[in-house]
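To start, the structure itself, in structure tokens.
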Amino acid sequence: MGKFYITTAIDYANGDPHIGHAYEKIGADAIARFHRLRGDDVHFLIGMDEHGQTVAQKAAERGLTPQQQVDEIAPRFQEMWSRLEISYDQFIRTTEDTHKAGVRALIKRIFDNNPDDFYEKSYRGLYCVGCESFKQAAEIVDGRCVLHPTRVLEQVEERNWFFRLSKYGEFLRRLFTERPEFLQPDSRRNEMLSLIDQGLEDISASRARFAWGVPFPAPLSDGEQQTTYVWFDALPNYLTATGFPAKGYRDRWPADVHVIGKDITRFHSIIWPAMLQAAELPLPRRVWVHGFVLFGGEKLSKTAGVRLELDEAIARFGVDPFRYFLLREVPFDGDGSFTWERFEDRYGADLANAFGNLASRVITMIEKYTGGTVPAGQANDIDRADASDLADYISAMDGSRGYLLHEALRIVWKSVTRANEYAQQQQPWTLSKQPESRAELERVLASLARQLARLSVLVSPFMPLKAQELWESLGGPDSVSEQRLDALTRLDPAGWRVTKGPALFPREPHTAKASSAI
RNA sequence: GGCAGGGUAGCUCAGCCGGUUAGAGCACGGCACUCAUAAUGCCGGGGUCGCGGGUUCGAGUCCCGCCCCUGCUACCA
């Protein structure tokens, strides 16, 4: 029991939300909901990264101001997150005044506490006018930018503020070594350690070339006013969202976990902690790096034409099955594939047949055999086996071994299978035909109802709507989200009035095997 | 190129410090059952454990070489 501040990467306002964005939000949402089930005071942050050249450029192309452009995109993300039942508590936008003020305060704080960490330096590099950015050696072939081979790279020199990241190599190495949970999975931590081994280079903290951003709080020595560069603008959102530097930010900061994609590991595990250390502020407790959703093994990318419409995926079976599928099929510590075939298999096997049908058969039997009231019964071996699974479920969800959401779902389905096996073995339908077996029948139905009630709670972080639907169908009090995991082994639905509703996960005629065979 | 991880049934994967007939889920086949969304349960078929050497009484499990895949190798927000 305590506060739990969870964040996701802020999304760049240069397009619509896609499945990659959705995967991260859905995973973080499951973690947030899990913590609410534990009784934690959860604060779940999502947001938009709205500054930078690309946004300004896009806006210019459309004859809009950058602000108009981002004002148009942010609501589209928010609508999608609502649709996906993402239970965020706060939606931050880097164009908010409080964020901009917070960024400047953070930078000033570094100037105050470690004045040597910022210094002016001329940055020389090959600048591609096509990309409007400096190019690294790997992106240059025959002296030309690989993306714009017809343009000539310009040798450009720019004077900027630099941040002394190199100073923090040893600090970060100790952080990763002494607090291995800080950065997970292990593979990501090892990559960052090897990066530190290679030696960290200082990074620029301001830029002259674009104005759509936060004015850097200190002018250069010649008086030139520059704009805060990406790291110092985007990363602090997690801190500025708490109100920093206003009093009270410490009620929330530090974040308990930053949930991010593997492409931005370095920013969150190297640059961000170094910035905070330079400002002498507490570091986040952990950074969790998830993998990517591939589409049939291919990376989703606009250029390669590999894309999957979120709308289409949601429309297929609804929001909850989509959430379930992503979190079950794509391991949260690595990459995984989305395929329609797999989605249909999972929906049919796990949701319609195993889980949905379990709910259906149990509720029907209670209606038929005990008049719709859940009978009373003592805990049995099944409850003990479920309790053991519950412990595994918690350890897969609480971050202690990483956020293994796919693992948690696998464990829940062990319980689903156990319930179906139990029903088959006990055969309440047979018991119902023998008046002398009445007590036995009630024990069995009570057991099945307990199992189902627990399942609806366990499944709720992943499928909040369906979990609530089942909870209501069982006649449970309040809402499923108000239940507590620590009370789950004592959860007793005896006396609840069940109501059989429509199938939880209807099997669709056109996906049934019978119709696919001609 | 360097560093890291991986290549195990049709598919997705488990197999810790080497030890009897290599496991799970899905898919597939058969049987049972009827409470249920033609759902469920039980049984079964199916694997040269990337390739080639080596160590060992014994190797997916250790060592060497090779092939293939993935990630990282820093200024894109």
Side-chain angles (χ1 to χ4, degrees), chain A residues 9-14 49-55 94 123 125 131-136 138-139 160 162-163 165 185-205 207 210 213 229-231 233-234 262-267 270-271 289 291-292 294 297 299 328-331 334-337 339 341-342 345-346 348-369 406 410 413-414 417 419-432 444-445 448 500 502-509 512-514:
Chain A
I10 48 175
D11 299 308
Y12 196 52
N14 68 343
D49 178 9
E50 303 187 313
H51 288 137
Q53 269 188 119
T54 315
V55 164
T94 56
Y123 180 84
C131 298
E132 291 203 43
S133 66
F134 289 98
K135 297 278 111 178
Q136 298 302 297
E139 298 168 295
N160 299 131
F162 268 72
F163 174 64
L165 183 63
D186 294 349
S187 54
R188 298 298 162 200
R189 184 172 60 252
N190 291 337
E191 285 174 1
M192 291 306 110
L193 278 167
S194 80
L195 199 68
I196 293 170
D197 288 343
Q198 294 167 40
L200 298 177
E201 288 172 24
D202 293 344
I203 54 173
S204 47
R207 279 293 161 86
F210 62 97
Y229 197 48
V230 51
W231 344 106
D233 181 343
K262 62 185 181 182
D263 52 334
I264 50 178
T265 310
R266 193 176 62 242
F267 306 152
I270 304 260
I271 298 177
V289 185
F292 288 152
L294 309 176
K299 199 165 181 173
R328 174 81 197 244
E329 191 75 4
V330 182
D335 296 345
S337 261
T339 69
E341 188 189 9
R342 229 23 213 172
D345 284 351
R346 284 274 182 210
D350 297 354
L351 298 180
N353 294 356
F355 189 50
N357 183 58
L358 171 70
S360 172
R361 66 196 303 208
V362 169
I363 290 169
T364 297
M365 288 191 281
I366 291 170
E367 284 193 336
K368 281 191 179 175
Y369 305 149
H406 55 294
R410 190 185 62 77
W413 254 256
K414 274 176 67 184
T417 298
N420 274 318
E421 283 170 5
Y422 178 76
Q424 195 67 27
Q425 283 162 10
Q426 301 302 318
Q427 300 188 23
W429 50 91
T430 304
L431 298 174
S432 75
V444 172
L445 293 182
L448 285 168
K500 177 141 184 172
L504 216 47
F505 302 102
R507 199 170 231 305
E508 294 177 316
K513 301 244 165 38

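Letters A, B, ... mirror the listed sequences (proteins, then strands); counts begin at 1.
Every residue two or more places apart in sequence or in another chain was checked for a salt bridge (Lys or Arg N to Asp or Glu O under 4.0 Å) with A/Asp49, and none qualifies. A/Val230 is linked by a side chain to side chain contact (heavy atoms under 4.5 Å, CB included) to A/Ala234, counting only residues two or more places apart in sequence or in another chain. Remark: A/Trp429 pairs with no residue by the ring pair (Phe, Tyr, Trp, His ring centres under 6.0 Å) rule, at least two apart or across chains. By the side chain to side chain contact (heavy atoms under 4.5 Å, CB included) test, A/Asp345 pairs with A/Glu341, sequence neighbours left out. Not a single salt bridge (Lys or Arg N to Asp or Glu O under 4.0 Å) links A/Arg361 to another residue, sequence neighbours left out. Checked against side chain to side chain contact (heavy atoms under 4.5 Å, CB included), A/Thr430 has the following partners two or more places apart in sequence or in another chain: A/Gln427, A/Gln434. Shown here are the ring pair (Phe, Tyr, Trp, His ring centres under 6.0 Å) partners of A/Phe355, two or more places apart in sequence or in another chain: A/Trp413. Residues passing the side chain to side chain contact (heavy atoms under 4.5 Å, CB included) test with A/Asp335, sequence neighbours excluded: A/Lys262, A/Phe292, A/Leu294.
When the side-chain nitrogen and oxygen atoms of A/Lys414 are compared with OP1 and OP2 of B/A24, none of them lie within a distance under 4.0 Å. At the phosphate of B/U73, OP1 or OP2 sits under 4.0 Å from a side-chain N or O atom of A/Arg266. Between A/Arg507 and the phosphate of B/A39, there is a side-chain N or O to OP1/OP2 separation shorter than 4.0 Å. Residue A/Lys368 has a polar side-chain atom (N or O) positioned under 4.0 Å from OP1 or OP2 of B/A36.
Whole-Å rounding puts the A/Glu50 CD to B/C76 P distance at 21 Å. As a whole-Å value, the separation of A/Ile363 CD1 from B/C35 C1' is 12 Å. As a whole-Å value, the separation of A/Asn14 CG from B/C76 C1' is 10 Å. Rounded to an integer number of Å, the gap from A/Asn160 CG to B/C75 P is 14 Å. Separating the NZ atom of A/Lys262 from the C1' atom of B/U70 is a distance of 8 Å, rounded to the nearest angstrom. Atom P of nucleotide B/A39 and atom CG of A/Leu351 are separated by 14 Å, given to the nearest angstrom. Atom CG of A/Asn353 and atom P of B/G25 are 15 Å apart (whole Å). To the nearest angstrom, P of B/G10 lies 16 Å from CG of A/Asp345.
Contact annotation for A/Leu195: backbone-only contact, meaning every heavy-atom pair under 4.0 Å involves sugar-phosphate atoms and none involves a base. Counting any heavy atom pair closer than 4.0 Å across all strands shown, A/Tyr229 reaches a base atom. Counting any heavy atom pair closer than 4.0 Å across all strands shown, A/Ile271 reaches no nucleic acid atom. Across all strands, A/Gly199 comes closer than 4.0 Å to base atoms (heavy-atom distances). Residue A/Leu358 is classed as having no contact, given no heavy-atom separation below 4.0 Å to the nucleic acid. Residue A/Leu200 is classed as a base contact, given a heavy-atom separation below 4.0 Å to a base. Base engagement by A/Trp231 is indicated by at least one non-hydrogen atom pair under 4.0 Å involving a base atom.
Taking both residues in full, the closest heavy atoms of A/Met192 and A/Arg266 are given as SD-CA, 3.7 Å, listed atom of the first, atom of the second, then distance.
Glycosidic conformation of B/G25 is anti; the angle lies outside 90° of 0.
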When Watson-Crick pairs (N1 to N3 and N6-O4 or O6-N4) and G-U wobble pairs (N1-O2 and O6-N3) count only below 3.5 Å on both distances, what is the dot-bracket string of RNA chain B, with | for other-strand pairs?
-> (((((((..((((.....[...)))).(((((.......))))).....(((((..]....))))))))))))....
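One cannot find a donor-acceptor pair under 3.5 Å joining the base of B/A39 and the side-chain atoms of A/Asn357.
Paired with A/Met365 under the rule side chain to side chain contact (heavy atoms under 4.5 Å, CB included), one option of A/Leu445, A/Leu431, A/Val444 passes, and it is A/Leu445.
B/A27 and B/A38 have their P atoms separated by 16 Å, given to the nearest Å. Separating the P atom of B/C16 from that of B/U34 is a span of 44 Å, rounded to the nearest Å. Between B/U20 and B/G58, the distance separating the two C1' atoms is 11 Å to the nearest Å. Only the P atoms considered, B/U12 is 29 Å distant from B/A59, to the nearest whole Å. For the C1' atoms, the distance from B/G45 to B/C26 is 16 Å, rounded to whole Å.
Counting only residues at least two apart or on different chains, the salt bridge (Lys or Arg N to Asp or Glu O under 4.0 Å) pairs with a member in residues 191-200 of chain A are A/Arg173-A/Asp197, A/Arg188-A/Glu191.
Closest contact between the side chain of A/Arg188 and the listed nucleotides B/C42, B/G71, B/U37 involves B/G71. In this structure, of B/A74, B/C42, B/U37, it is B/C42 that holds the atom nearest to the side chain of A/Glu421. With B/G41, B/A39, B/A36 as the choices, the nucleotide that has an atom nearest any side-chain atom of A/Thr417 turns out to be B/G41. Each of B/U73, B/G41, B/A36 was ranked by its minimum atom distance to the side chain of A/Asn420; first place goes to B/G41. Distance from the side chain of A/Ala352 is smallest to B/U37 among B/G25, B/U37, B/U40. Comparing B/G25, B/U73, B/U37 against the side chain of A/Arg342 picks out B/G25 as the nearest. For A/Met365, the listed nucleotide lying nearest its side chain is B/C35; candidates were B/C76, B/C35, B/G25.
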Do any N or O atoms of the protein come closer than 3.5 Å to N or O atoms of nucleotides 2-8 of chain B, and which pairs are they?
none

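Near RNA chain B, meaning a heavy atom under 4.0 Å away, the residues from residues 424-432 of chain A are A/Gln424, A/Trp429.
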